Number of protein chains: 2
Amino acid sequence: MKSLNLTTQRQAVYDIVRNSHDHPTAADVMNRLVEKGYNFAYGTVYNSLRYLTEKELIRELKLGESASRYDAKLDDHQHIICEVCGRVDEVMSEIPKEWSGAVAKETGYDVHHAHVVFGGVCSECQTKRTK
Amino acid sequence: MKSLNLTTQRQAVYDIVRNSHDHPTAADVMNRLVEKGYNFAYGTVYNSLRYLTEKELIRELKLGESASRYDAKLDDHQHIICEVCGRVDEVMSEIPKEWSGAVAKETGYDVHHAHVVFGGVCSECQTKRTK
DNA sequence: TTTGAATTTAGAATAAGTATAAATCTTATT
DNA sequence: AATAAGATTTATACTTATTCTAAATTCAAA
């Protein structure tokens, strides 16, 4: 059921995602693979990312940008994007349960999950701005 | 500053978005224009949607699907997608202020807004399933 | 050791959206 | 009314992110 087949390419892709802390896109992963001396086909990188996502070793993040990002952090968490520099940080603070309850009541949906993308200005950009 | 120049095509696009309640994509809008007898260039539809978005007559929704959707409802609200049938409904229940506060504290960001996409099963699909 | 399944590769194909340059429409000015 | 300036539309080419395809390669099992 959950048998893992980690080929060389999948392992290499996984290592990159696992050791990156900036939520890389497929193109980022591709570049870092090349830096490490690998030369996989583009399709293989996408396949690996999909495979790893299906096996729940990584998560695909759709943050409203044009390209998906990937994240090896699996515990439930949200993200925040800096409107100035574009960096993406993690938000561990959990969505209040009363809120999901209110949403279920309002919509009649059976609510399974919520993807939240906060927007704002990161502390670095805040200090740069006030210069 | 906020002068409006609603050409025939922009007006037609706006009318479609305003009178649709299913959050249409650009392609949906295109189809509905054709149904109404219009034959605008594809680029014009995209330009109009962008124009109307900039003028804040409509909103662009990026819900993690491949295509953006558009919405003429301007008051602040979120969305919920049915995982079974794909329909998108509105969520008016507001994000709790204490939560944004907690996120600001946690991340050091100046938090401006949050886009929330809930996922679940709509009431129709719930009843269908239990059949 | 052949046979079949899974994976990788290279490259074509697709989908959504943007850019461009020419044509057309508007508007203000003479 | 004539014209110039500016905005908009059109048709089409292009870009970007991603998926698909078919052949080649690798892996696994009998």
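Within every chain, numbering begins at 1; the chains are lettered A, B, ... in the order of the sequence lines, protein sequences first and strands thereafter. Only a predicted model underlies this, so the values are computations on that prediction, with no experimental measurement involved.
The six-membered or imidazole ring of H79(B) lies near that of H77(B), with a centre-to-centre distance under 6.0 Å.
Residue whose closest nucleotide on DNA chain D sits further toward the 5' end, between N47(A) and A27(A): A27(A). Projected onto DNA chain D by closest heavy-atom contact, S48(B) and A67(A) fall at different nucleotides, the more 5' of which corresponds to S48(B).
For the pair E65(A) CD and dG17(C) C1', the computed distance is 16 Å after rounding to whole Å. Following rounding to the nearest Å, N39(B) (CG) and dT10(D) (C1') show an atom-to-atom distance of 12 Å. For E60(A) and dT18(D), the CD to P distance is 8 Å, given to the nearest whole Å. A straight line from CG of D28(B) to P of dA16(C) spans 10 Å, rounded to a whole angstrom. Distance OH (Y46(A)) to P (dA17(D)): 7 Å, rounded to an integer number of Å. Residue R69(A) contributes atom CZ, which lies 15 Å from atom C1' of dT16(D) at whole-angstrom precision. In this entry the distance linking CZ of F40(B) with P of dT24(C) reads 17 Å, nearest Å. Spacing between atom CZ of R50(A) and atom P of dA17(D) amounts to 17 Å, rounded to whole angstrom units.
The side chain of N5(A) contributes no N or O atom lying less than 4.0 Å from OP1 or OP2 of dA6(C). Side-chain N/O atoms of T7(B) include none lying less than 4.0 angstrom from OP1 or OP2 on dC25(C).
Between R32(A) and D22(A) there is a salt bridge, since at least one side-chain N of the basic residue sits less than 4.0 Å from a carboxylate O of the acidic one. Looking at D71(A) and R69(A), no side-chain N of the basic residue comes within less than 4.0 Å of a carboxylate O on the acidic one, giving no salt bridge.
Contact annotation for S68(A): backbone-only contact, meaning every heavy-atom pair under 4.0 Å involves sugar-phosphate atoms and none involves a base.
Judged by a 6.0 Å distance limit and a 45° cone about the ring axis, R59(A) is not positioned over the six-membered ring of Y70(A).
Looking at the side chain of R10(A), the nearest of the listed nucleotides dT9(C), dT7(C), dT18(D) is dT7(C). Checking dA17(D), dT9(C), dT18(D) against every side-chain atom of S66(A), the shortest atom distance belongs to dA17(D).
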Check: Between I80(A) and V88(A), is a side chain to side chain contact (heavy atoms under 4.5 Å, CB included) present by the stated rule, with each step listed?
Finding: CA-CA 6 Å; I80(A) 186 162; V88(A) 173; over 6 Å; no
